[in-house]
Amino acid sequence: MKKSYSYLLSGLLLFSACSSVKKTATSSTSITNDGKIWASLWQQRAGEYKALCFQAYNIAKLRVDEGIKKPGDKPLAIVTDIDETLLDNSPYDAHRALQNLDYSDATWKQWTDKAIADTVPGAPAFFKYAASKGVIIFYITNRNENERASTLKNLQLYGLPYADDEHLLLKTTSSSKEARRLNVLKTHNILLLCGDNLPDFDLLYDNHPTEENRIAATQKLQKEFGSRYIVIPNPSYGDFEGALFKFNYKLTPAQKDSVIRAKIKADQ
């Protein structure tokens, strides 16, 4: 009886300790990072996420089939972003969020150096299909030059077309992609642009526009989405988040939480 009581007491103490640890971990997680955990979970586990990606790339395939029937004065090209458009970095986001930590350049570089990111559903098949139809692929990304080798290694892991130095256009002095898009336009007609962040598509989203201006630009460009602009869902990060926080990257998690509480629509 005494031995059973001892086991019971030990069990209760262990349960209490686990509950205490769980409670502490939960209470210390900011709204922002807790949201990123759920966003990463959705990206990794939800059939709906995969369905949206397939939907986007199915539409892109239809646009390729239409576009190759109308040859122009220059070769056709597709311009695509990489992160969350072609490569899935949710393990990095989840790792940081679970530690209640935000993005950092150093840890991001550690992640990309591994060159093991999985692909976004539907992306490899689409880009290989487009290339088989004679469409050139250009990868315009805001990864840094010191990530070139690992980025190419990750793309080549999946046999992606045109994964070479000539077609990989990394960030130089500006995060704006407009100059790189215009450079492609000198020699090619851009059939489609693929991305997860609105600056991947149009100059109107450059220079840190407000939330209101981003919505106004999207309203203005509405006919382009699904036509020339193919958007891949990314709930984890992007300029939507930057605009929410007025592009102040020095805000603490607590300050970000305050902004979210002030702006979210919640039933009373």
Side-chain angles (χ1 to χ4, degrees), residues 39 43 49 52-53 55-61 63-64 67 76-90 93 103 108 112 117 119-124 126-127 130 135-145 147-148 151 154-155 160-163 167-185 188-211 213-244 247:
Q43 188 169 338
Y49 168 73
L52 285 168
C53 294
Q55 176 176 263
Y57 283 119
N58 285 342
I59 292 171
K61 184 175 180 290
R63 298 295 170 257
V64 167
L76 288 175
I78 291 173
V79 167
T80 182
D81 173 56
I82 291 179
D83 297 309
E84 275 42 76
T85 302
L86 180 50
L87 295 181
D88 174 358
N89 301 287
S90 60
D93 297 321
Y103 166 93
W108 171 255
T112 59
T119 54
V120 167
F126 166 69
F127 289 110
V135 181
I136 314 301
I137 312 300
F138 286 90
Y139 304 93
I140 298 185
T141 172
N142 278 339
R143 290 190 177 196
N144 292 314
E145 184 61 41
E147 296 173 89
R148 177 177 290 276
T151 301
N154 206 156
L155 296 175
L160 288 159
Y162 298 98
H167 296 89
L168 175 62
L169 308 180
L170 297 153
K171 182 172 71 173
T172 52
T173 57
S174 171
S175 60
S176 171
K177 296 184 174 182
E178 181 67 6
R180 285 170 281 174
R181 289 192 292 260
L182 291 175
N183 197 45
V184 172
L185 277 171
H188 296 75
N189 289 324
I190 297 178
L191 177 61
L192 293 173
L193 296 104
C194 303
D196 66 294
N197 194 32
L198 292 175
D200 293 334
F201 302 102
D202 200 281
L203 181 63
L204 288 175
Y205 297 106
D206 283 355
N207 301 316
H208 293 171
T210 62
E211 287 185 282
N213 286 343
R214 295 181 91 246
I215 296 299
T218 304
Q219 192 72 29
K220 180 178 180 179
L221 297 169
Q222 61 180 296
K223 291 182 180 179
E224 300 290 350
F225 298 107
S227 177
R228 290 185 65 244
Y229 299 165
I230 304 297
V231 186
I232 307 301
N234 174 10
S236 293
Y237 67 90
D239 276 23
F240 83 91
E241 184 181 14
L244 181 70
F247 296 94

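What you see below is based on every heavy atom in this structure, not just the backbone, and it leaves out hydrogens, waters and symmetry mates. Remember, it's a predicted structure, so these values are computed and weren't measured experimentally.
Residues Tyr139 and Leu86 come closest through the heavy atom pair CE2-CD2, 3.5 Å. In plain terms, the two heavy atoms of Asp81 and Gly195 that are nearest each other are CB-CA, 4.0 Å. Here the closest non-hydrogen pair linking Asp88 and Ala117 is O-CB, 3.6 Å. When all heavy atoms of Val184 and Ala77 are compared, the closest pair comes out as CG1-CB, 4.4 Å. The two residues Leu191 and Gly67 have their closest heavy-atom pair at CD1-CA, 3.9 Å. A pairwise comparison of heavy atoms in Ser175 and Asn142 identifies O-ND2, 2.8 Å as the closest pair.
In this model, a donor atom of one side chain and an acceptor atom of the other lie less than 3.5 Å apart for Thr218 and Tyr205.
Interatomic distance, CH2 of Trp108 versus OH of Tyr103, reported as 7.0 Å (0.5 Å rounding). Atoms SG and CD1, from Cys194 and Ile137 in turn, are 8.0 Å apart once rounded to the nearest 0.5 Å. Here the OH-CD1 distance, from Tyr229 to Ile59, works out to 16.0 Å after rounding to the nearest 0.5 Å. Separation of atoms CZ (Arg181) and CG (Leu203) is listed at 7.0 Å; rounding is to 0.5 Å. Interatomic distance, Asn183 CG to Ile140 CD1, rounded to the nearest 0.5 Å: 8.5 Å. The NZ atom of Lys223 lies 14.5 Å from the CZ atom of Arg228; values are rounded to the nearest 0.5 Å.
At distances below 3.5 Å, not a single donor-acceptor pair connects side-chain atoms of Glu224 with backbone N or O atoms of Leu221. Using a distance-only test at 3.5 Å, with no hydrogens or angles considered, a donor-acceptor pair links the side chain of Arg180 to the main chain of Leu169.
Ring geometry for Phe201 versus Phe225: interplanar angle over 60°, hence perpendicular rather than tilted (30 to 60°).
Phe126 places a side-chain heavy atom less than 4.5 Å from the side chain of Leu192. The closest side-chain heavy-atom distance from Ile190 to Ile78 is not below 4.5 Å. Gln43 is listed as a side-chain neighbour of Glu84, based on a closest heavy-atom distance under 4.5 Å. With a 4.5 Å cut-off on side-chain heavy atoms, Val64 and Val135 count as touching. Using a 4.5 Å cut-off on side-chain heavy atoms (C-beta onward), Cys53 and Pro233 make contact. Looking at heavy atoms from C-beta onward, Pro124 lies in side-chain contact with Leu160 at the 4.5 angstrom threshold. Taking 4.5 Å as the limit, some side-chain heavy atom of Leu52 sits within range of a side-chain heavy atom of Gln55.
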Just do the side chain to side chain contact (heavy atoms under 4.5 Å, CB included) check on Asn234 and Asn197 with the steps written out, would you? CA-CA 8 Å; Asn234 174 10; Asn197 194 32; over 6 Å; no
Verdict with reasoning, Glu145 to Arg148, per salt bridge (charged side-chain N to carboxylate O under 4.0 Å, His left out): CA-CA 5 Å; Glu145 184 61 41; Arg148 177 177 290 276; 2.6 Å; yes
One pair to check against side chain to side chain contact (heavy atoms under 4.5 Å, CB included): Thr119 and Leu87. What are the steps and the verdict? CA-CA 4 Å; Thr119 54; Leu87 295 181; 4.3 Å; yes
Start with the C-alpha distance between Asp239 and Arg214, add both sets of side-chain angles, then the distance that settles salt bridge (charged side-chain N to carboxylate O under 4.0 Å, His left out), and finish with yes or no. CA-CA 9 Å; Asp239 276 23; Arg214 295 181 91 246; 5.2 Å; no
Could you check His188 against Leu76 for side chain to side chain contact (heavy atoms under 4.5 Å, CB included), going step by step and ending with a plain yes or no? CA-CA 6 Å; His188 296 75; Leu76 288 175; over 6 Å; no
For Ile230 and Leu193: C-alpha separation, side-chain torsions, deciding distance, then whether side chain to side chain contact (heavy atoms under 4.5 Å, CB included) applies. CA-CA 6 Å; Ile230 304 297; Leu193 296 104; over 6 Å; no
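Between Phe127 and Tyr57, the distance from one ring center to the other falls under 6.0 angstrom.
Identified under the salt bridge (Lys or Arg N to Asp or Glu O under 4.0 Å) test for residues 190-203, with sequence neighbours left out: Lys177-Asp200.
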